[in-house]
Amino acid sequence: MLLEVENLNVYYGAIHALQGVSFHVEEGEIVTLIGANGAGKSTTLRTISGLLRSRTGHIKFKGQDISMMPADQIVRLGISHVPEGRKIFAPLTVKENLLMGAYTRKDPNEIERSMQRVFASFPRLKERLNQLGGTLSGGEQQMLATGRGLMSRPTLLMMDEPSMGLSPILVEEIFNIIKDINSQGTSILLVEQNAQMALSISHRAYVLETGRIVLSGSAKEIAENPRVKEAYLGV
Ligand code: ATP
């Protein structure tokens, strides 16, 4: 098992945001967390990244307990987080943004190789290497945030709402790229409100409601579940 999350209870002051959340990701999988606004999806990713702490349970990555590790060490171990809203560095160029993603690495040749791999997935970033991040379109910013996430050479890439605010064509492009990244060997933990698209590329999925996992199964099972169809697929 690549990632094992067991019994997370996370609070923001008096708000009990995660209430006993458990799930796992196997090596090579794309796993999606589906849920409405405020269900706790971002909180889950932020806790795995070491930005928030759970009061109970544990998070194991490649068998090692990371629940108390500082965030930078978690990146070094192989988890990368592409945050909601992209959070690119607006006053920095595309190249500088990508290099920020490699801050845990030293070897310049290896970093250059990773950058070339990012350009293979996102040729548009190569064309805009010296453009300021803040002047990119929404779709380009998502590409940049994803590319930056790949620069640490993660085993597990966590993506928070990559399709948010993008046109249908760009959404499809982003999901194709996610599939591609996965087929090259990176496991993916995806958080999405666009359940239909997310399920179409995922192996398995979990449904999160008000801080609890209420359903889990193969992406196909979840997509065919009557409750999911009604609440998340608009069927
Ligand atoms: P969204 O897609 O809207 O971001 P989400 O499923 O990612 O939803 P979270 O952002 O994880 O949901 O929020 C879970 C709960 O925790 C919500 O009730 C939210 O209001 C609350 N919450 C999130 N961040 C904070 C914060 N910084 N302070 C207080 N409460 C917070």
Side-chain angles (χ1 to χ4, degrees), residues 3-25 30-59 61 66-67 69-71 74-75 79-88 138-139 141-142 145-146 148-149 154 156-168 170-171 174-175 178 187-202 204-217 219 222-223 225 227-234:
L3 178 76
E4 182 187 55
V5 172
E6 187 67 41
N7 190 29
L8 299 187
N9 279 284
V10 176
Y11 295 77
Y12 296 102
I15 295 170
H16 194 177
L18 298 188
Q19 309 181 17
V21 167
S22 301
F23 66 94
H24 71 275
V25 178
I30 302 180
V31 172
T32 294
L33 300 180
I34 292 167
N37 274 325
K41 306 179 299 295
S42 302
T43 303
T44 303
L45 297 194
R46 290 171 59 80
T47 307
I48 296 167
S49 282
L51 302 172
L52 296 168
R53 295 285 180 222
S54 177
R55 287 198 193 164
T56 59
H58 64 250
I59 302 165
F61 182 63
I66 60 167
S67 26
M69 243 179 219
I74 293 173
V75 174
I79 300 183
S80 186
H81 185 165
V82 182
E84 183 173 13
R86 288 122 207 180
K87 304 280 168 30
I88 59 155
Q141 291 195 6
Q142 184 60 49
T146 308
R148 182 185 59 190
L156 176 68
L157 185 67
M158 303 197 297
M159 303 186 75
D160 197 342
E161 303 275 5
S163 78
M164 192 189 276
L166 303 186
S167 69
L170 270 175
V171 170
I174 289 287
F175 276 97
I178 296 171
S187 306
I188 314 255
L189 177 57
L190 186 59
V191 156
E192 259 299 337
Q193 289 203 41
N194 190 337
Q196 196 141 23
M197 270 303 230
L199 289 173
S200 75
I201 64 161
S202 296
R204 289 187 306 110
Y206 295 86
V207 178
L208 199 56
E209 279 177 11
T210 53
R212 295 168 195 270
I213 304 265
V214 294
L215 266 180
S216 65
I222 296 291
N225 182 290
R227 189 166 149 197
V228 172
K229 275 185 170 169
E230 197 187 322
Y232 303 102
L233 301 175

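Counting starts at 1 for both ligands and their atoms, following the listed order.
Classification of the Y206-H24 ring pair by plane angle, with boundaries at 30° and 60°, yields perpendicular.
Enumerated by chain and number, the residues approaching ligand 1 to less than 4.0 Å through a heavy atom are Y12, I15, A17, A36, N37, G38, A39, G40, K41, S42, T43, E84, E161, Q193.
For the side-chain contact (heavy atoms from CB on, under 4.5 Å) criterion with I48, the lone passing option out of L52, L51, T44 is T44.
No side-chain donor-acceptor contact under 3.5 Å links D160 and H81.
Listed for the E161 side chain is a donor-acceptor partner under 3.5 Å among the backbone atoms of Q193. When atom types are taken as modelled, the side chain of S67 and the backbone of H58 share no donor-acceptor pair closer than 3.5 angstrom. Looking only at distances, no side-chain donor or acceptor of T47 sits under 3.5 Å from a matching main-chain atom of R53.
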